[in-house]
Amino acid sequence: MIKKIILGLNLLFLKTVNRLSYSYYLKHFPLYLRRRGINFSGDIGKTGFISSSVDFDSLMYSKYITIGEKTTISKNVMFLVHDYSIGSAMRALECDGVRDGRLPHFIKEIRIGNNTFIGARTVILPGTQIGNNCIIGGVLL
C-alpha cells in the first residue's frame, strides 16, 4: 500500500517535471518504471521516450513487461499481461468451481524490441512480442 502511494506521488512529480525539463524527464522516467517493476533490455539510459500517460498493467504484473533501447511509446498506450476472458466465459457457462472474485486467468509476458515506435492509444495484449525496428500504429480519435 505504501509502495503504491510513493510510486503515485513519484509519477505525479515526473508528469509535472516533464513540462519543465524534458531532459530530466527522459532520464528519470525509465528509472521510475524500473522501480515499478518494468524490465529494460540493454542500457536504461538509451530507452527513448515513454509518455507518462502509458498504462502499464498493475504493480503485481509489471515484471512481465520488457522494453528495448531507443523505444518510443506514445500517449495513452495500454499494456495488458493478464486476461480474464476465459474465466468470464466459464462463469457465463456456469462451469463448476468458477466463482466471482476467483476467476481463472492467464498471464503472458510482453516484449518490446529495440528502436520501436508504438503509436497513441495502442493496446498491447498478453503474449505480444514486438521485434526490433518496428512501427505499431495507434488510433487517432
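The model shown is predicted, which means the values in this text are computed figures rather than measured ones.
- Residues Ile73 and Ile67 form a side-chain contact, since some pair of their non-hydrogen atoms from C-beta on lies under 4.5 Å apart.
- Looking at Val54 and Asn76, their side chains never come closer than 4.5 Å, going by heavy atoms from C-beta outward.
- Side-chain atoms of Glu69 come within 3.5 Å of backbone atoms of Asp43 as a donor-acceptor pair (strictly under, hydrogens ignored).
- The aromatic rings of Tyr61 and Tyr64 are tilted relative to each other, their planes meeting at an angle between 30° and 60°.
- Within the 4.5 Å cutoff, the side chain of Ile50 has no heavy atoms near those of the Thr72 side chain.
- Using modelled atom types, one finds no donor on one side chain facing an acceptor on the other under 3.5 Å when comparing Asn115 with Asn132.
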Output, in order, the C-alpha distance, side-chain angles, deciding distance and verdict of side-chain contact (heavy atoms from CB on, under 4.5 Å) for Ser41 and Asn114. CA-CA 8 Å; Ser41 62; Asn114 298 329; 4.0 Å; yes

Could you go through Tyr25 and Ser52, starting from their C-alpha distance and side-chain angles, then the distance that decides it, and tell me whether this counts as side-chain contact (heavy atoms from CB on, under 4.5 Å)? CA-CA 9 Å; Tyr25 174 82; Ser52 61; 3.4 Å; yes

Apply side-chain contact (heavy atoms from CB on, under 4.5 Å) to the pair Leu33 and Leu31, showing each step before the final yes or no. CA-CA 5 Å; Leu33 293 176; Leu31 298 173; over 6 Å; no

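- No more than 12 heavy atoms of other residues, nucleotides or ligands sit less than 6.0 Å from atom CD1 of Ile135.
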Under the side-chain contact (heavy atoms from CB on, under 4.5 Å) rule, what do Leu14 and Tyr24 come out as? Steps first, then yes or no, please. CA-CA 9 Å; Leu14 287 167; Tyr24 182 91; 4.2 Å; yes

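- The closest donor-acceptor contact from the side chain of Thr71 to the backbone of Gly48 lies at 3.5 Å or more, if one exists at all.
- Looking at Ile44 and Arg34, their side chains come closer than 4.5 Å, going by heavy atoms from C-beta outward.
- Side-chain contact check for Thr66 versus Glu109: some heavy-atom pair is nearer than 4.5 Å.
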